[in-house]
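Some notes on the structure that comes next.
Because the structure is a prediction, the values reported are computed rather than measured. Order of the sequence lines sets the chain letters (A, B, ...), proteins ahead of strands, with each chain counted from 1.
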Number of protein chains: 2
Amino acid sequence: MTDKIPELPSERLRMTGLRPTRQRVALAELLFGSGDRHFTAEMVHAEAVQNGVPVSLATVYNTLHQFVQAGLLREVAIEGSKTYFDTKTSNHFHFFFEKDGTLVDIEPADIKVENLPKPPEGTEITRIDVLVRLTPIK
Amino acid sequence: MTDKIPELPSERLRMTGLRPTRQRVALAELLFGSGDRHFTAEMVHAEAVQNGVPVSLATVYNTLHQFVQAGLLREVAIEGSKTYFDTKTSNHFHFFFEKDGTLVDIEPADIKVENLPKPPEGTEITRIDVLVRLTPIK
DNA sequence: CTGTGTGCAAACTCTTTGCATAAGT
DNA sequence: ACTTATGCAAAGAGTTTGCACACAG
């Protein structure tokens, strides 16, 4: 599942120039240990504490942002107050369940965005976000 | 520019069941008086006050949400703390200038989203948001 | 040891709410 | 008059920050 990237969290962290501290290693294990995930800082903090990893919410925020900068995570654009993060950093899109605010990946192969207008003078496209909003039928 | 919809803000408001109060009429004039616009509550408030319309920020928030409910506005999903609103409620997408957080419409004719995977059991697509992120070239 | 990271609490930003006053019909 | 909207200030939610202490190299 994670074979192109070092298994050991401490290795991955070191590669990005982040010191593998207890908290960072523990969070990395949580976040990258089981497939692709979507979460908020609050969720990560709750899960960490629940798993016996004593870490403060402030450190979770710091760490998540450091991971984003390091390219290990990315943020997902959703309206609303909370910031969502995604462990899958490669190009892909999302289903968004309005009912409960959940996200599910859509593989880029499963959707096609074409016919893009050329970006305005002097600008270039850095990314395209697609959010397919879903509600329960009836 | 606005010919399928009553010109008079007070009419539009009445149609939606909102009392045409001073503030609501003034805000409607500001927002719908000049083509399609994108803004935050803060921006609307500043512009209103600047135009001599005495309105509180709380009322701006209330009003914007009422307009959204009435279908006169819609929110735009962007990451970050502030909520953006859009006067264009019909189906369309956006360019997002990361440099300054500005939005520009993309007509649906200018972009094509195809090959959508069918939504999970028991759900249906309510909307598709596409955000094309732009940065200045070098 | 030396420098970076962590935790706590306070600060901050954006948004919502409660309640008395003002305005619409 | 009766009802709904507004404004203010206070409360809330999510996130960031400052600084003393702890830990990694």
With respect to the side chain of [X], which nucleotide from [options] is positioned closest?
X	options	answer
A/S56	C/dC8, D/dG14, D/dT15	C/dC8
A/P20	C/dT17, C/dG24, D/dG25	D/dG25
B/R14	C/dT17, C/dT25, C/dG5	C/dT25
B/T63	D/dT6, D/dT15, C/dT15	D/dT6
B/S81	D/dG14, D/dT6, C/dC14	C/dC14
B/L57	C/dG5, D/dT16, C/dT15	C/dT15

Before accepting this row, confirm whether a basic side-chain N of the pair B/E79/B/R133 lies closer than 4.0 Å to the acidic partner's carboxylate O.
yes

Regarding A/K88 and A/E107, does a basic nitrogen lie under 4.0 Å from an acidic carboxylate oxygen?
yes

Taking 4.0 Å as the cut-off, does a side-chain nitrogen or oxygen of [X] come that near to OP1 or OP2 on [N]?
X	N	result
A/T40	D/dG14	no
B/Q66	D/dA5	no
A/T21	D/dC23	no
B/Q23	C/dA22	no

Taking [atom1] from [X] and [atom2] from [N], how many angstroms apart are they, rounded to a whole number?
X	N	atom1	atom2	result
B/L13	C/dT25	CG	C1'	15 Å
A/N62	C/dT4	CG	C1'	12 Å
B/E79	C/dC14	CD	P	15 Å
B/R24	C/dA22	CZ	P	19 Å
B/K82	C/dT13	NZ	C1'	9 Å
A/H45	D/dA13	NE2	C1'	16 Å
B/L64	D/dT6	CG	P	12 Å
B/L27	D/dA5	CG	P	14 Å

Between B/R22 and A/Y84, which has a closest nucleotide on DNA chain D that is more 5'?
B/R22

Same apolar cluster: A/F93 and A/I125, side chain cutoff 4.5 Å:
yes

Between B/D129 and B/H94, a side-chain donor and acceptor under 3.5 Å:
no

Between the side chains of A/H92 and A/D36, is a donor N or O closer than 3.5 angstrom to an acceptor N or O?
no

Does B/H65 reach a base, just sugar-phosphate, or nothing at all? Heavy atoms under 4.0 Å.
sugar-phosphate

Quick one: does A/K99's side chain get under 4.5 Å of A/T135's, heavy atoms only?
no

Considering heavy-atom distances to DNA chain C, does A/T59 or B/Y61 have its closest nucleotide positioned more toward the 5' end?
A/T59

Got a donor-acceptor pair under 3.5 Å from the side chain of B/R19 to the base of C/dT25?
no

